[in-house]
Asks: 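Here it is, the structure, as structure tokens.
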Amino acid sequence: MSESMRAIRQDVHGDPGVLREVTLERPEPGPGEVLVRVRAAGVNPTDWKHRGGQGFLGQPPYVLGWDVSGVVEEIGVGVTLHKPGDEVFGMLPYPFGVGSHAEYTVGPARGFAPKPSNVDHVQAGAIPLAALTAWQALNDTADLQSGQRVLIHAAAGGVGHLAVQIAKAKGAYVIGTATKGKHEFLRGLGADELIDYTEADFDKVLSDVDVVLDTIAADYRSRSLQVLRKGGILVTILPYDRKPLVAEAEELGVRAETMLVEDDQAGMQAVRELVEAGKLRAEIAATFPLAEAAKAHEMGETGRTKGKLVLTVD
């Protein structure tokens with residue numbers, strides 16, 4: 001087997017043109033790690049933000065990508081959960097375990113779960129980071145309960161459309177913000193109430209919401225605090241300016257939390273169960289071969305995609 005691999009690397013920050021295909025040495029799994037032959041890898045907003053220099057990784061060079069679905073090629077010392085030949089999906093440790101936009105990637109064995117048997121690698125590769133974000137926000141952080149009212153911003157986006165399905169699986173009443181053209185799609189996922197943010201201000205028409213999932217930031221956070229019931233919670237996945245947000249929430253008698261997604265085997269197992277039960281599926285906006293990663297970034301940065309973008313690796 002070749003000891004080299006193709007990967008998409010950037011040497012400087014910049015527009016999608018900085019991404020280029022290179023040949024690198026194939027990584028080796030260390031203790032507690034697995035080497036995965038990548039079959040598909042999701043592309044998320046955090047990828048193009050890091051590409052442009054707005055992330056946590058510092059200066060390039062580096063290979064982006066956290067989502068992965070593929071086949072275990074080798075296992076490191078001490079690994080018992082997976083064996084060579086196993087199909088797995090998961091998320092590399094965020095943010096510093098990056099590197100799935102390549103033919104091979106290495107990550108902690110417990111960051112992966114068996115790939116759901118009822119979906120292909122493209123579908124499995126689209127799910128981990130966005131679904132774990134939604135799961136950790138709604139289940140772990142907000143403790144969303146059956147019958148509660150949850151507002152999901154950008155409900156047709158990568159995290160949003162998976163959050164809609166997770167919230168419905170938990171028995172919540174789901175409200176989403178999205179343009180009217182995406183309402184039929186979201187109703188098909190189980191959304192109970194939809195607001196076209198180009199025609200109505202959500203904070204003028206909503207009240208007594210138990211949980212808000214914010215994927216947008218800007219003034220959406222302050223406005224979202226206004227629609228919560230006393231004791232309700234806002235969870236934002238954009239962890240900026242935490243202290244003033246928390247202070248504002250406390251004045252209103254509500255809670256606010258900022259979070260970053262974590263690699264999480266228990267979360268991956270919960271996500272896998274939802275997928276295998278037919279309660280969670282990623283909408284695939286488009287797929288691109290690995291060499292065309294720049295095109296995926298260009299499409300994602302339009303902000304008009306519905307669902308997820310995925311790179312495929314032959």
Asks: Show the nearest heavy-atom pair for residues E103 and L290, with the distance to one decimal.
Replies: N-CD2, 4.4 Å
Asks: For the CZ atom of R187 and the CD atom of E193, what is their distance to the nearest 0.5 Å?
Replies: 10.0 Å
Asks: Answer yes when E21 and R6 have at least one side-chain N-carboxylate O distance shorter than 4.0 Å, and no when they do not.
Replies: yes
Asks: Heavy-atom count check: over 12 atoms from other residues, nucleotides or ligands less than 6.0 Å from R39 CZ?
Replies: no
Asks: Is any side-chain heavy atom of E73 closer than 4.5 Å to a side-chain heavy atom of P29?
Replies: no
Asks: In terms of relative ring orientation, are Y62 and H13 parallel, tilted or perpendicular, with 30° and 60° separating the classes?
Replies: tilted
Asks: Minimum heavy-atom separation for H161 to E283, with atom names?
Replies: NE2-N, 2.8 Å
Asks: For residues R9 and V22, report the shortest heavy-atom separation together with the two atoms involved.
Replies: CB-CG2, 3.8 Å
Asks: What verdict does the side-chain contact (heavy atoms from CB on, under 4.5 Å) test give for L260 and F56, after you've listed the backbone C-alpha separation in whole Å, the side-chain angles of each residue and the deciding distance to 0.1 Å?
Replies: CA-CA 12 Å; L260 285 177; F56 302 100; 3.9 Å; yes
Asks: Taking the side chain from K308 and the backbone from A126, do they hold a donor-acceptor pair closer than 3.5 Å?
Replies: yes
Asks: With heavy-atom distances below 4.5 Å as the criterion, would you say the side chains of E257 and R242 are in contact?
Replies: yes
Asks: Got a second to check how far I195's CD1 is from K204's NZ, nearest 0.5 Å?
Replies: 12.0 Å
Asks: So, do L57 and F96 sit near enough that their side-chain heavy atoms are less than 4.5 Å apart?
Replies: yes
Asks: Same cluster or not: V71 versus V106, using hydrophobic residues (I, L, V, M, F, W, Y) connected whenever any side-chain heavy atoms lie under 4.5 Å apart?
Replies: no
Asks: Please confirm whether the backbone N or O of G97 pairs with a side-chain atom of W66, one donor and one acceptor, at under 3.5 Å?
Replies: no
Asks: What's the separation between atom CD1 in I216 and atom CG in L238, rounded to the nearest 0.5 Å?
Replies: 9.0 Å
Asks: Taking side chain as C-beta onward, heavy atoms only, is M268 less than 4.5 Å from F89?
Replies: yes
Asks: Under a single-linkage definition using a 4.5 Å side-chain heavy-atom cutoff for Ile, Leu, Val, Met, Phe, Trp and Tyr, are M259 and L234 assigned to the same hydrophobic cluster?
Replies: no
Asks: More than 12 heavy atoms of other residues, nucleotides or ligands under 6.0 Å from NZ of K168: is that the case?
Replies: yes
Asks: Can you check whether A40's main-chain N or O pairs, donor with acceptor, with S69's side chain at less than 3.5 Å?
Replies: no
Asks: Quick one: does E74's side chain have a donor or acceptor within less than 3.5 Å of a partner on E28's backbone?
Replies: no
Asks: Please report the C-alpha distance between E87 and H121 in whole Å, then the side-chain angles of each, then the deciding distance to 0.1 Å, and finally whether the side-chain hydrogen bond (donor to acceptor under 3.5 Å, both in side chains) criterion is met.
Replies: CA-CA 9 Å; E87 292 189 318; H121 283 289; 3.1 Å; yes
Asks: Rest of the hydrophobic cluster containing V246 (Ile/Leu/Val/Met/Phe/Trp/Tyr, side-chain heavy atoms under 4.5 Å)?
Replies: none
Asks: Going through the distances and angles, do V38 and Y104 end up as a side-chain contact (heavy atoms from CB on, under 4.5 Å)?
Replies: CA-CA 5 Å; V38 180; Y104 295 88; 5.7 Å; no
Asks: Answer yes or no: is there a donor N or O on one side and an acceptor on the other, between the side chain of Q148 and the main chain of Q145, under 3.5 Å?
Replies: yes
Asks: Does a side-chain N-to-carboxylate-O contact under 4.0 Å join R149 and D192?
Replies: no
Asks: What closest approach, in Å, do A142 and I233 show between heavy atoms, and which atom pair accounts for it?
Replies: CB-CG2, 3.9 Å
Asks: Do R221 and D241 have side chains that get closer than 4.5 Å, going by heavy atoms?
Replies: yes
Asks: Would a distance-only check, ignoring hydrogens and angles, find a side-chain to backbone donor-acceptor pair under 3.5 Å from S4 to E25?
Replies: no
Asks: What I'd like to find out is whether the side chain of D11 reaches to under 4.5 Å of the side chain of R20, using heavy atoms alone.
Replies: yes
Asks: How long is the straight-line distance from OG1 of T179 back to CG of L194, given to the nearest 0.5 Å?
Replies: 10.5 Å
Asks: Is the closest basic N to carboxylate O distance between R110 and D263 below 4.0 Å?
Replies: no
Asks: Roughly how far apart are K170 NZ and L138 CG, rounded to 0.5 Å?
Replies: 8.0 Å
Asks: Which heavy atom in P108 sits nearest to a heavy atom in F112, and how many Å separate them?
Replies: O-CD1, 3.3 Å
Asks: Tell me, yes or no, whether the heavy-atom count around E276 atom CD, taken from other residues, nucleotides or ligands under 6.0 Å, exceeds 12.
Replies: yes
Asks: Among D67, L162, V43, D47, which residue satisfies the side-chain contact (heavy atoms from CB on, under 4.5 Å) criterion with L129?
Replies: D67
Asks: Pairing donors with acceptors under 3.5 angstrom, does anything connect the side chains of T46 and Y94?
Replies: yes
Asks: Taking L186 as the starting point, is it possible to reach V212 by hopping between hydrophobic residues whose side chains are less than 4.5 Å apart?
Replies: no
Asks: With side-chain contact (heavy atoms from CB on, under 4.5 Å) as the test, would you mind laying out the steps for V275 and Q123 before giving the verdict?
Replies: CA-CA 10 Å; V275 173; Q123 180 68 209; 5.7 Å; no
Asks: Does some side-chain heavy atom of V63 sit less than 4.5 Å from a side-chain heavy atom of L24?
Replies: yes
Asks: Between L274 and V122, is there shared hydrophobic-cluster membership here, with clusters defined by ILVMFWY side-chain heavy atoms closer than 4.5 Å?
Replies: no
Asks: Around atom CG of D219, are there more than 12 heavy atoms from other residues, nucleotides or ligands closer than 6.0 Å?
Replies: yes
Asks: If you measure from CG on D214 to CD1 on I152, what distance do you get to the nearest 0.5 Å?
Replies: 12.0 Å
Asks: Would you indicate whether E199, at its atom CD, is surrounded by more than 12 heavy atoms from other residues, nucleotides or ligands within a distance under 6.0 Å?
Replies: yes
Asks: In terms of heavy-atom contacts, does CZ of F185 have more than 12 from other residues, nucleotides or ligands at under 6.0 Å?
Replies: yes
Asks: Check step by step if side-chain contact (heavy atoms from CB on, under 4.5 Å) holds for D210 and R229.
Replies: CA-CA 6 Å; D210 296 285; R229 64 164 174 80; 2.4 Å; yes
Asks: Hey, are the side chains of S224 and D203 touching, using non-hydrogen atoms and a 4.5 Å cut-off?
Replies: no
Asks: Same cluster or not: are L81 and L132 linked, directly or through other Ile, Leu, Val, Met, Phe, Trp or Tyr residues, by side-chain heavy atoms under 4.5 angstrom apart?
Replies: no
Asks: Can you list the steps and then say if F202 with H153 is a ring pair (Phe, Tyr, Trp, His ring centres under 6.0 Å)?
Replies: CA-CA 10 Å; F202 71 89; H153 288 305; 4.6 Å; yes
Asks: Could you check whether any side-chain N or O of R272 sits under 3.5 Å from a backbone N or O of P114, counting only pairs where one atom can act as donor and the other as acceptor?
Replies: yes
Asks: Can you give me the closest heavy-atom contact between V164 and A191, atom names plus distance?
Replies: CG1-N, 4.0 Å
